[in-house]
Amino acid sequence: MGNKAKYGLLVLLAIAGCTNAEPPTALAFSVSGHLQDPKILEASGLARSHRQANLLWIINDDGAIAHAIDHSGARMGEFKLNKSRNRDWEDLASLTLAAKPYLMIADIGDNAARRDHRTLYFVEEPAAEKNDEKKIAWKVRYRYPDGPRDAESAAVDVENQRAL
């Protein structure tokens, strides 16, 4: 595992732990864990679970698999996303719609700026203990109006029904 994956996880966990309404005057970082799953070679995206406390979902930049880890980095499970293709998965987000938890997997990377479209996959969040396959709940394919470009992150705005 590269340093980018290790430190990206630590920064996100530090930010996720901030619950004050006021921004902190100084951030204090501490190691909360290390990624322990050898299958996670390049951690491209990380999202918290809406189904289970102390659970995070993480994706690689290759393979159509989402991995579940706890806050210490220990493996909790995984699922394969059926009928999807990981051309360049870069991020994922968690959300709740109609009281159901979902994950959005963003296949949006394009380092060479050649891809004609991008795909956002939405899947109902599974239980972490299962190592099985999940069906896509729905997907959104789109193109940038002014041509191909690279994107490295994505977010969901449930209130305004938008993916950014």
Those residues that, when tested against D146, pass side chain to side chain donor-acceptor pair (under 3.5 Å) (two or more places apart):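 In terms of side chain to side chain donor-acceptor pair (under 3.5 Å), with neighbours along the sequence ignored, D146 is linked to R149.
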
Measure the [atom1]-[atom2] distance between [X] and [Y] for me, rounded to the nearest 0.5 Å.
X: E90; Y: S44; atom1: CD; atom2: OG; result: 5.0 Å
X: R87; Y: R118; atom1: CZ; atom2: CZ; result: 8.0 Å
X: N60; Y: L41; atom1: CG; atom2: CG; result: 5.5 Å
X: T96; Y: R51; atom1: OG1; atom2: CZ; result: 10.0 Å
X: D37; Y: H67; atom1: CG; atom2: NE2; result: 6.0 Å

Note: D110-R115 ion pair, threshold 4.0 Å (strictly below):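 Between R115 and D110 there is no salt bridge, as every charged N stays at least 4.0 Å from the carboxylate O atoms.
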
Pair K39 + E78: basic N to acidic O under 4.0 Å: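 Salt bridge present between K39 and E78.
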
Between [X] and [Y], what is the shortest heavy-atom contact and its length?
X: G63; Y: N86; result: O-ND2, 2.7 Å
X: A64; Y: S84; result: CB-OG, 3.5 Å
X: R48; Y: L56; result: CA-CD2, 3.8 Å
X: R141; Y: T119; result: CG-OG1, 3.6 Å
X: A154; Y: D91; result: N-OD2, 2.9 Å
X: R143; Y: D116; result: CG-O, 2.9 Å

Given side chains that start at C-beta, do those of [X] and [Y] come closer than 4.5 Å, heavy atoms only?
X: L95; Y: M104; value: yes
X: I136; Y: V123; value: no
X: K100; Y: E124; value: yes

Cluster question for you: counting only ILVMFWY and a side-chain heavy-atom cut-off of under 4.5 Å, with indirect links fine, are V140 and V158 together?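 Yes, V140 connects to V158 through the hydrophobic network.
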
Give a yes or no on whether I108 and I105 share a hydrophobic cluster (residues Ile, Leu, Val, Met, Phe, Trp, Tyr; joining criterion: side-chain heavy atoms under 4.5 Å apart).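 Hydrophobic grouping puts I108 apart from I105.
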
Under the ring-ring contact (aromatic ring centres under 6.0 Å, His included) rule, what pairs show up with a residue in residues 89-112, not counting sequence neighbours? Y102-W138

Kindly determine whether W57 and E125 satisfy side chain to side chain contact (heavy atoms under 4.5 Å, CB included), including the steps that lead there. CA-CA 10 Å; W57 290 100; E125 183 184 337; 3.0 Å; yes

Treating [X] as the side-chain partner and [Y] as the backbone partner, does any N or O pair qualify as donor plus acceptor under 3.5 Å?
X: S49; Y: Q52; value: yes
X: Y121; Y: R85; value: yes
X: D157; Y: Q161; value: no

Given the options L81, I65, N82, E133 meets side chain to side chain contact (heavy atoms under 4.5 Å, CB included) only with N82

Checking side chain to side chain contact (heavy atoms under 4.5 Å, CB included) for the pair D107/L120: CA distance, chi angles, key distance, verdict? CA-CA 6 Å; D107 188 4; L120 303 176; over 6 Å; no

Please assess I69 against L35 for the test side chain to side chain contact (heavy atoms under 4.5 Å, CB included), listing each intermediate value before the final yes or no. CA-CA 8 Å; I69 61 172; L35 291 174; 3.5 Å; yes

I would like to know whether H50 and S94 meet side chain to side chain contact (heavy atoms under 4.5 Å, CB included); could you show each step before the answer? CA-CA 7 Å; H50 282 270; S94 59; 3.2 Å; yes

